[in-house]
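We use all heavy atoms of the structure for the numbers below, so side chains are in, but hydrogens, waters and symmetry mates are not. Quantities reported herein were computed from a predicted structural model and do not represent experimental measurements.
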Amino acid sequence: MGTLLHLQLHWFGSVVIPWGAVLGLLLVACAQLWATLATRQLWVGALMVVAAYTVIIGIAFTSTQDVFNIAINSYTWQELPGPVVAEGLWLFGVPVVAIIVLLISSRLMPRTAPRPVVPSNTH
């Protein structure tokens, strides 16, 4: 979903607001936080982001005629600065968001281990 959203922009004169990339990063953060807290396992949230980022990188670097990504180079920076900012924010923001959410979720998880379930005697 974030790959579809990340190139949505709003211009205020010469200033670009990459709201799609910000919303995509927020979606990644919410999904990772939910996965981590729902399972009470940090590795589940981390695995979710690794899988998502693998797909993002796969799309970014394997497709030659992709409409969802912009090449980050001097030509596109000169001709399409807004989309290049959004692309950079999306590509480099996901790992940063993942680390931040891992730190936040590790503090939100309970410190005590859950009590083991003792089977009842049904005799």
Side-chain angles (χ1 to χ4, degrees):
M1 195 64 186
T3 298
L4 296 175
L5 285 173
H6 82 279
L7 289 177
Q8 300 300 312
L9 308 167
H10 187 75
W11 290 88
F12 289 106
S14 63
V15 177
V16 65
I17 305 296
W19 67 267
V22 172
L23 184 59
L25 292 173
L26 184 62
L27 286 170
V28 168
C30 289
Q32 180 188 1
L33 186 63
W34 175 81
T36 302
L37 295 179
T39 62
R40 294 184 179 188
Q41 301 290 326
L42 287 174
W43 67 269
V44 174
L47 183 64
M48 191 232 40
V49 173
V50 167
Y53 197 60
T54 301
V55 171
I56 292 167
I57 294 298
I59 291 171
F61 294 110
T62 60
S63 180
T64 57
Q65 299 296 321
D66 192 358
V67 296
F68 298 119
N69 293 299
I70 301 293
I72 300 176
N73 56 41
S74 59
Y75 175 76
T76 55
W77 180 252
Q78 182 180 356
E79 298 296 322
L80 304 165
V84 171
V85 168
E87 183 72 21
L89 188 59
W90 180 237
L91 282 177
F92 304 117
V94 171
V96 172
V97 166
I99 292 168
I100 292 169
V101 172
L102 277 174
L103 294 172
I104 291 170
S105 58
S106 69
R107 291 193 170 259
L108 292 176
M109 288 195 319
R111 297 279 181 212
T112 58
R115 295 175 54 162
V117 176
V118 178
S120 63
N121 193 353
T122 58
H123 294 280

Using the rule that two of Ile, Leu, Val, Met, Phe, Trp, Tyr join whenever any of their side-chain heavy atoms come within less than 4.5 Å, decide whether V96 and L102 are in one cluster. yes

Please report the shortest heavy-atom distance between A35 and V44, naming the atom on each side. O-CG1, 4.0 Å

For L37 and M109, which heavy atoms make the closest approach, and how far apart are they? CD2-CG, 3.6 Å

Atom of P18, atom of V85 and distance for their closest heavy-atom approach: CG-CG1, 4.3 Å

Interatomic spacing from SG in C30 to CG in L25 - rounded to 0.5 Å: 11.0 Å

Same cluster or not: are F92 and V94 linked, directly or through other Ile, Leu, Val, Met, Phe, Trp or Tyr residues, by side-chain heavy atoms under 4.5 angstrom apart? yes

Who are the side-chain hydrogen bond (donor to acceptor under 3.5 Å, both in side chains) partners of Q8, not counting sequence neighbours? none

Rounded to the nearest 0.5 angstrom, the CZ-CG distance for R40 and L108 is 12.0 Å

Do T36 side-chain atoms and L33 backbone N/O form a donor-acceptor pair below 3.5 Å? no

Do I17 and L9 touch side chain to side chain, with heavy atoms closer than 4.5 Å? no

Are L26 and V22 close enough, and set up right, to give a side-chain contact (heavy atoms from CB on, under 4.5 Å), and what steps lead you there? CA-CA 6 Å; L26 184 62; V22 172; 5.6 Å; no

Under 3.5 Å, sequence neighbours excluded: what are the donor-acceptor pairs made by side chains of residues 47-56?
from, atom 1, to, atom 2, distance (Å)
Y53, OH, L91, O, 2.7
T54, OG1, V50, O, 2.7

Does atom CD of Q78 have more than 12 heavy-atom neighbours, drawn from other residues, nucleotides or ligands, at distances under 6.0 Å? no

Hydrophobic clusters here meaning ILVMFWY residues chained together by side-chain heavy-atom distances under 4.5 Å, can you tell me if I100 and W90 are in one? yes

